[in-house]
Structures are given as C-alpha cells and as structure tokens.
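Order of appearance sets the numbers: ligands from 1, and atoms from 1 within every ligand. Since we're looking at a predicted model, the values are computed, not measured.
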Amino acid sequence: MRDIICGIDLGTTNSSIAYLKDGEAVAIPIDADQALVPSVVSLDEAANTIIVGQAARNRLAAFPEHTVRAIKRQMGQTTPVSLGGQQFSPEEISSFILNHLVFKASQVIGQKIKQVVITVPAYFNDAQRRATIKAGELAGLEVTRIINEPTAAALVYDYVSFQQETSSPYIMVYDLGGGTFDVSILEVKGEIKEVLASCGDTALGGDDFDDRLVNFFWEQLTEPLRGELSLNLATRIRLRDIAEKTKITLSDQPFCQVSEAAVLSVEGQPLNLNLEIKRREFEELAKDLVERTAEKVRDALGEARLQPQDIGKILLVGGATRMPVVQDLLKEMFDRPIYHSIDPDLCVALGAAVQGGLISGEPLGHILLDVTAHSLGIRTVDEIDPETGEADYFSTIIRRNTRIPTRKAEVYFTVVPNQTMISIDVYQGEKPSCQANVAVGSFDFPLKSAPAHSPVIVEFAYDKEGINYIIEKAKNLLSEARLPGELKNDLNRLVGAYEQALVAGEEDKDIDALEDELLATIEDAEERLLGLG
Ligand code: ADP
Ligand code: MG
C-alpha cells in the first residue's frame, strides 16, 4: 500500500484534515462526525491530560486559565503560553492539535498517517513557516510540504467537475475566517499558481461580527438597568456563544428569534435574553467590518495591477463567507454572481490533500459535488421591466452551486393593504428576469388580512430526503397485500428505473419525467387502496 499524505488546515479558529479516497479529496470526521475541529487546547490539571477540540472549547468559560485558542497568532514567537502552572511553546500547543487530528483520522481511515502537507497563510514569514514545520515534527509527523492556504483552495477547484467558465488566468481567493481576513490574487501559469498579491487584516474575522451582536445583546439586556452593570468574562463567553449561533442562523434565515434564559443574574434575579433580530439589522451593525474587507480587496487588485473584470474565478474560503452580506459585497464589486461551491471551511484542507496526492503520485479523479444546478427563486414586483411594463424581477432564494441538502429563507413584503392571498411564482435559472428563466410552478397561499408591506417569509428547501421520501413511499405501497398485481408491477418497474437514473446521474429532465410518472402511480395506488379499504 502506498503511504498516504494527508492535508491539514491548521486554522486560527478551526482545523481539519483530509485525504484522497479513491482519487477524491474528502475531509475526515474527527469529533462526533464533525470534520471541523476547534483549534482550542486545554490542560486538565487534575488528570494531567491535554484536551483538544470541541471538548477544550467547552472548557473556555470554566477554565480560562487552562485553555488557549487562536495559538496560530503566536506561531513564530518565543513567548511561552501558560496553561495552569505549566508552560508550552506555541509550536507545542499546535502540535497537540496536529496530534489530535492525525490520531483520530488514523482511527477513522484505518491506516497510520505519517506524512502530511500543512497549509499556512500566504503572508506567513519564514519563522512562522518554520514553527509550523516544528509543530508537525513534535507531533511525530513528516511535514512533506508547507503550502499557502489560497493556493490550496485554488488547487481543489482544478479537480472539481463543474467550473466557472473563464479564460482569465487570475483567481481571487477571499478568505474570511474566525479571526483573520486574507485576500489573495493568484496567477495560473500552467501547473503553477503564483501568488501575485496578498493583503488582509490579522485582526478581522467572524469573531468581530459576533462581538457586534454581543454588544447589541448586552445593551438590550441592561437597558432597563441603565447600564449599571459591567460585562464579566463568564457572561461575555456565554453571550459570544449565543451571538455566534445567531449569526449562523442569520446566514440562512432573514431573522432569528433569540431566547436564552438566565444569561445574567442581578441581585439574585435571573435576566433573560428575549428578542428578535433581522438579518438586515445585523448587517447594519457590522457594515464597517464588511467595508474593511472591501478596502483590502481593492488594495490587492491594485498591488496585482488588475481591474475587477480581469479576475476569472472568485473563490470564497472561510466559514464567515457563508454570510450573504459577503456574497452581496463581491457581487457588487465584481458585477457578477458569486457562488459558494465547495465547503468554504473545508476547502483548504481538501486542497492540501490534493497537494499530498500530487506529491505521492496518487491518481486524482474529479471531485463530485452534490450541488444545486440552478438558482431557485421567485418573482417579485421590486422592479418593473421597462419594455413590457410588467414586474418580472427574479429574486434568488437558493443560489446555484449551493451544497445540498439546504434550506434557505427570504423575507418579502405584501404590496396592498388587506391582501388575503399571495401568489408565489417559482423559477429556476440565472437570469435577472423571470421570463428568461424556467418556470417551476405557481402556488397561492391565503394570508391573514394585514396592512400593506407586511412581511411574508418564503422558505425553500432542496433535500436528498425529498427523493428518498418518494422511493420510501413507493416501497411501502409495494408491500401492501391488497394492491392489484399490475399496479405492483408498474410501481416496481418505476422504482427500479428511478433509482437507476438517480445513481447514473441522468439528465434532470429524464429524472423529472420518471419522477412524475412514479408520483402519478403512487397516487393511483393510494386511491385504489382507499377505495378498497
Ligand atoms: P479559521 O480559518 O480562522 O480557522 P474558519 O474558516 O473555520 O476559521 O471560520 C470560522 C468562522 O466562520 C467563525 O467566526 C464562525 O462563526 C464562522 N461561520 C461558520 N459557519 C458560518 C455561517 N453559516 N454563517 C456565518 N458565519 C459562519
Ligand atoms: Mg482558515
């Protein structure tokens, strides 16, 4: 058996490890099926053991003196870190994370891991790179190569079976992580990807967005008390957790209901946090943060002497790029739709695994993704088509190339007072007008009488379960003894054909036709059973 070379994204906030499985890069689940492992290390002094990952993160509030996060910021420095009464070098702390990843990953894939490729930010200097190699060695690993994070992200896209069509050799990687922001511009020269420019802010990331919510929550909580309280560490940590959850919800939902009991106690009385926040409000709170990333993008373009239209591909990396406001910003700056395709939080590790495969000579296949082939949205009356005088604006709810299963909601507003019905026209496609896209169907929903401009939430879900559900239903019917023979045969044949078509990944329209036929037969069977029963 050939020795495998795993790829590791040793991140400031989260780390992950990936490898090539039958030529395809896959992330390895580490803690409770999660591939993303918090880069947090904690010392349990009583047991004299080191704890890494989510379990360590959970100890942050209770054992702040024994727990360290974001050690990546100290790589290359010599100041030791104290965990309780013990001192560790930044390399040692990082080696605990590496060790945890590799140990668990070896168990999962059933093969010992000795060699790794580790990624670092493009701006890491020599001392920081050497410290990263040292961390690997301390974990008993051979660090085959250190590669830049944006290069790793770009590498994985070479093996993706769908591509953003472009003839430009320039790629922009926009990476918004937990505590850092980097934007890099790469030039593809044959097999080589050269970093032309790398700008960023080492003190700007998703955590800052959380902090805005923490302050907002704190104001809401203490407003009745006229700010006589000060925010202590334990409450701050609790509020940060709530803030992060809220932020993540707002990436998929237009608003979030926050209800948390006993966030704080004042003179023995628990204070609860109960409020609703809209995505728009959150975006307003964090507007300047987003603008700061825009400035860095402009800097990077300037440094590379390029204009926005020169950029071929734009890759979104880092968990915080899941916020729609990031995609909106880039859409405006680059005047084109921005897609999210590969998991932004795993794509650096996947790219490192691809690099590992290239080094070991592993054959590489295309990476298949379960993504939506078309954008899905509805008609809104926001804009009137100047030619036809009709409202024909296509408002996207689920963007193309979104990983499935997914569920996304948007908020819309009624137009006239006491509207009792809302018609939703669903379209799929990439054009700004509905007419130019494909109609999926129309649905009418009754509304409670309300003033004009009342909010209506439209939620769409794309799920694999939807397909399984149809098959499940057909199979249940097949086991029904009272069903006439010919219907059983039809069902049987259709289920087989449908499953085969799904596995073979046939054209959408073939699958759709089969699905329609199967659904009609299911309906027929159900009616027959009702009639018989
Ligand atoms: P790093 O590169 O710093 O290790 P990651 O790429 O893992 O960080 O990004 C972590 C950040 O991404 C955190 O701030 C986290 O809250 C944020 N994040 C993760 N998922 C989402 C989401 N769905 N919406 C908004 N932010 C998210
Ligand atoms: Mg990262």
Donor-acceptor pair, side chain of Asp343 and main chain of Leu346, under 3.5 angstrom = no
Could you tell me whether Phe413 atom CZ has more than 12 heavy atoms of other residues or ligands within 6.0 Å of it?
-> yes
Is NZ or CZ of Arg279 both nearer than 6.0 Å to the six-membered ring centre of Phe282 and within 45° of the ring axis?
-> no
Does a side-chain N-to-carboxylate-O contact under 4.0 Å join Arg240 and Asp207?
-> no
Between Lys408 and Asp252, does at least one N-O distance fall below 4.0 Å, as a salt bridge requires?
-> yes
Should Lys247 and Glu283 count as an ion pair when the cut-off is N to O under 4.0 Å?
-> no
Could you go through ligand 1 and list every pair where one of its N or O atoms sits under 3.5 Å from a protein N or O, giving the atom names and the distance to one decimal?
from, atom 1, to, atom 2, distance (Å)
ligand 1, 3 (O), Thr13, N, 3.4
ligand 1, 3 (O), Thr13, OG1, 2.8
ligand 1, 3 (O), Gly178, N, 3.0
ligand 1, 4 (O), Thr12, N, 3.4
ligand 1, 4 (O), Thr13, N, 2.9
ligand 1, 4 (O), Asn14, N, 2.8
ligand 1, 4 (O), Asn14, O, 3.2
ligand 1, 6 (O), Gly319, N, 3.0
ligand 1, 7 (O), Asn14, ND2, 2.8
ligand 1, 8 (O), Gly178, N, 3.2
ligand 1, 9 (O), Gly319, N, 3.3
ligand 1, 12 (O), Ala320, N, 3.1
ligand 1, 14 (O), Lys247, NZ, 3.1
ligand 1, 16 (O), Glu244, OE2, 2.5
ligand 1, 16 (O), Lys247, NZ, 2.7
ligand 1, 24 (N), Ser251, OG, 2.6

